[in-house]
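Note sheet for the following structure.
Below, each value reflects all heavy atoms present in this structure, side chains not excepted, and no hydrogens, waters or symmetry copies. Source: prediction; values computed, not measured.
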Amino acid sequence: MNRNQVMDEQKEPYIAQQAEEDALYTKLQTQMLEEVQRLSGKVWTDYNVHDPGVTVGDITNHALTELDYKLGFPLTDYCAEKGGTFAPERLGLFPPEKVYTTQPITVEDYRKLFLTHIPEIDDVQLVCNRQTGGYTIKALLSPFGVEDEKTVCEQIKALFHQHRNLCEYLSDEVKILKPDELEFHAEFEIKPGEDASVVLARIYSTILRYLSGTVRLSTPDEAVNSGISPEEWLEGVTDVVRPVVPELQQTEHELYKQLRAVEGVRSFTTCYLMKDGEPQTNFLEGFGLQIPTEAKELHVRIRQGRFEVESNLAIFRTQLEALYQARRHRQPNRTEQGQKYHWSLPDTVYRDIFAHDSVIGDFPVCYRLSGKEGQEQTAFESYLKLYDQVIQDGLQEVKELPRIFSIETEGAANLTDRRIRALKKQYLDFLDKLYGVESHPAWLSEQNCYGETEEGTLRRRMNFLRHVARLTGNRSRARDILPRKEESDTPVVKEWFCRLLGLEKSDEYTVSNVLPKHNLRIVDKAEISLTDRIDSLLIDERMLEEDKVDKINYEELAADEAEKRREYEMMRSELGYFNVNRISGDLFRGGTDLENYRTVQLGKEEYMLMYRNRERNGWINLGSAGSRERLNTLANILRRFLRELNRACETVYIVEPILADTDRPFRLILVLPAWTRRFHSPRFRENCKDLLRCLLPAHLSVEIYWLNEHSMKRFESYYHQWIHSLTNCRMGDYKKLLLLAMDELLNPTTKKDKSDDTN
């Protein structure tokens, strides 16, 4: 046995010496000399160490060897920032318990959800009406520690609404099961040295667990040795705890086998579970167990050897409750919650390898290389500094990896750098393929009418991918309709849609309030009078002679929010068009494009800002000023103002009629605003429709409506009252009346098209 084998067996650390011919430095030196000889041909050289060329090669090869060492650590080390640890979620690499866990979709999924999160219940029965999607829930409570049944029912109800799928609902209030209680009659012998009260508690605990389904919670520390695949372990659950619900025959024989295996029991003489004096052999109907509180309620005889022993009821009950809670309701502690199933995070170390000493400092003094800035440099020294710069640039790229890979919008890499943007885009494309999503579909870039920059696109994609694990795992989740102290939940499909398009996702957000906040309202075509039409054509076409008309040039505007508000106030005060609070739908939409603006010279120092009305054909006078430059700035401010308003007016509402009318199962109503630039385009609408349809479950029928500003104001008023009425029993049938009002608004006549766009 050689020394290395001995050290392996003793598991002692040692450094294995690398063979000289395998060393990188040796290989580089050999390749360098061979290349020099090839290039030199018959030109004399001795290739000795005193040769200047060999000296240069030697020093640079040492630098390359050092660089290879610096770049030889695991990738995760380079993704750990100074003073921190490797945080994969910050890079969009979510752990399996967040990627694999999904929204409950079956009765068994819901059952596991309740058993995992509500320790006061022993078992729960769920029945789903397949015709309507309505659920009936009945819970079996623990015989210990449940003081307020109403509170437990409210917990079950709240948990259901937090996780329910679209078009699912509770058919009735949660019920508490009150099964008949069985009496335990037995005569058995315990082993020497065992405490009769403790053994009796073990027996009762076994019976209780068996009658309630032998449900137990399995924590991550048990996962590795369970023999279950990670996918199956995490299937249908919402966290790292896994409820284990074994299949049982619920027979007397099966229970008796478990009782014989109870610790401390030597043998049974008799063993019965009695109801009304009759032994029970089948427990499928569901039974409870009578737990004795007085000696007369205890129907057991316990022997230890030849002697009969008594049990202490106080010790018995204390031990029974402790055993029952420990086996059924053990929750993972903080350490266990962080454990994983074969997916523990790699050990990482921050590597401060980014400093580089110039190779100039390694040359002998006779070369007279100063390496100091500001001093005259030879061509040779400039070449060496270029070599250093290449190495420094490479190390800088490695240093930037944590920020390039980060999908956090704060502290991300500087996206103004074109190279960084290209690398970031490639990484986001990789995450798209990894999770099977499109964070930037082609049709969004094709119809970029709000001037989103490359940097803005990357930030929007990063924001979407930060939530991709939850969005994909809970895509069918509906809104939680129960009143809560914090902001109400949003249907996940709406959140997906809004994050993808960069919109406000809150279901409490009302788009019909956007324009009134700015004292504006859109004028519909039906409201435009003959006078308005004539006014738009007052500009003489002869005024549009080529020498008098100029296009609008793009200007960079202030990014500070306070400065932006000041610019908007100035714009509205200087442009005469805003002397009234009306704005045409065409200007609201088309004003997002600078190509639709022109400045016209009227006199020596008089200029007018005009807008080309493409929907009604004609020119609108927006205002005048004493210089083209001033109007150019105002046009840029107006364009940005309208772009922000357009985006702020976009959203989608998801209505589930089943919540108010059980005769309308598995139907959804989707309502969107029709007056914005993007949502006014038939092509963009079709793309939105396709996106929403592919996100929604296939078994749901969907109706999509596009409303003008006036109709949307009425709809939002109905909708928010309707949401409030769903859980307010004092409102009675008001929720049905509100649903009818929404139906009449969306379908004023049966023959009218579902698109109510009249802008």
**Asked** Under a 4.5 Å cut-off applied to non-hydrogen side-chain atoms, are Leu645 and Leu520 in contact?
**Response** yes
**Message:** Strictly distance-based, threshold 3.5 Å: is any side-chain N or O of Asn636 a donor or acceptor partner for the main-chain N or O of Asn553?
**Reply:** yes
**Request:** Mark yes or no: Arg598 above the aromatic ring of Trp619, with NZ or CZ under 6.0 Å from the six-membered ring centre and no more than 45 degrees from the axis.
**Result:** no
**Asked** Aromatic ring centroids of His518 and Phe641 under 6.0 Å?
**Response** yes
**Message:** Tell me whether Glu504 contacts the main-chain N or O of Ser506 through its side chain, where contact means a donor paired with an acceptor under 3.5 Å.
**Reply:** yes
**Message:** Tell me whether Tyr427 contacts the main-chain N or O of Leu91 through its side chain, where contact means a donor paired with an acceptor under 3.5 Å.
**Reply:** yes
**Message:** Show, in sequence, the C-alpha distance, side-chain angles and deciding distance for Tyr607 and Glu605, and conclude whether the side-chain hydrogen bond (donor to acceptor under 3.5 Å, both in side chains) test is met.
**Reply:** CA-CA 7 Å; Tyr607 301 89; Glu605 294 184 357; over 6 Å; no
**Request:** Spell out, as yes or no, whether a donor-acceptor pair under 3.5 Å connects the side chain of Arg647 to the backbone of Leu501.
**Result:** yes
**Salt bridge flag under 4.0 Å for residues Arg566 and Glu569** = no
**Prompt:** Are any side-chain N or O atoms of Asn646 and backbone N or O atoms of Leu642, one a donor and one an acceptor, separated by less than 3.5 Å?
**Reply:** yes
**Prompt:** Do Asn474 side-chain atoms and Arg470 backbone N/O form a donor-acceptor pair below 3.5 Å?
**Reply:** yes
**Test item: Tyr718 and Leu739 side chains (from C-beta on) under 4.5 Å apart, heavy atoms** = no
